[in-house]
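Just follow the structure's listing: the first ligand is 1, and inside any ligand the first atom is 1. What you see below is based on every heavy atom in this structure, not just the backbone, and it leaves out hydrogens, waters and symmetry mates. Numbers here are sequence positions counted from 1.
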Amino acid sequence: MTNQFHEANRRRWDAGSESWARRADLSGTWRECHRNPSLALHDAELRWFGDVAGKNVAVLGSGDNKVVFALSGMGAKVTSIDISWQQLIVARHRAAELGLHVEFVQADVVDMSMFNDAVYDVVYTGGHVAHWVSDLNRYYAEAARILKPKGLLIVKEYHPIRHMWHPFLNLSRVSSNCLHQGVNYFERGPYRSEVAPEVLPVMPGGLEQFIFHWTVADYITAISSSGCKLIHLEEFDDSQESWETTPLAGLPASILFIGRRCG
Ligand SMILES: C[S@@+](CC[C@H](N)C(=O)[O-])C[C@H]1O[C@@H](n2cnc3c(N)ncnc32)[C@H](O)[C@@H]1O
């Protein structure tokens, strides 16, 4: 079961997949992540994964799959889950090129009914997935459902404080030298825009996309009511990302939540 917002976002990612792949090819890091996981995962995240060799790990909203390749290189048995077939097709080719064995499954993160309960040791999600999802509670409840008792839910997201200043939510107000508040911190959306097949540019009359803005409290509430106990919360990175078009240095870039599945 999906919804009109996710269906539009799926079409947008299917169309945008080629440009996302080109972008990843430019940096080329996807070719190295399986040998050097720190290209895809921050030390703060790697600490929580620990030794994942032989463990079942699901990555939700896997996108460019750099995290998937990193975890696979660390010896985990990884399932890569994304709503976009096109994204998965690109990732499948890349995994084959790297000689990695990964399971690829097309699913909406709010409905992963094709998976049984309690099959994964770790579920990882993030890196700009939550803002595509209309229902944070169902998203993390599904993540918790497929986790084994005591398994870890690792959520690393773009920080809501930076998100509200980023032109994601108001793509017509891009400026390289001053900040424009994109949204009121408490207004969750949906934020509808029409965009080019390339992933970031706005294009009136183009493809529809719907983005949501979640607060720190929304994340904490959704994880705490998912069947997981929130055991750790951390914020890191304050530098400007290469793809950011406004001067966001000094604002926290990432927020990490660790939940442990109740037994
Ligand atoms: C910006 S990428 C994030 C992943 C990765 N960090 C990256 O940079 O490629 C967003 C990904 O989330 C996926 N996605 C969006 N909505 C989704 C949903 N409801 N269920 C599963 N995947 C979803 C998109 O197809 C896309 O591949």
Compile the donor-acceptor pairs under 3.5 Å between side chains in residues 94-101 and protein atoms, sequence neighbours left out, one pair per line.
residue, atom, partner, partner atom, Å
Arg94, NH2, Ala21, O, 3.0
Arg94, NH2, Asp25, OD1, 3.3
Glu97, OE2, Arg31, NH1, 2.7

Which parts of the protein, at residue level, reach under 4.0 Å of ligand 1 through a heavy atom? His6, Trp13, Trp20, Gly61, Gly63, Asp64, Asp82, Ile83, Ser84, Gln87, Ala107, Asp108, Val109, Gly126, Gly127, His128, Val129, Trp132
Hydrophobic clusters here meaning ILVMFWY residues chained together by side-chain heavy-atom distances under 4.5 Å, can you tell me if Phe104 and Ile89 are in one? no
Of all heavy-atom pairs linking Tyr185 and Val216, the shortest is OH-N, 2.9 Å
OG on Ser254 to CZ on Arg162, rounded to 0.5 Å: 8.0 Å
Where does the angle between the aromatic ring planes of His213 and His163 fall among parallel (under 30°), tilted (30 to 60°) and perpendicular (over 60°)? parallel
Do Ile220 and Trp214 sit in the same hydrophobic cluster, where Ile, Leu, Val, Met, Phe, Trp and Tyr count as joined when their side-chain heavy atoms come under 4.5 Å apart? yes
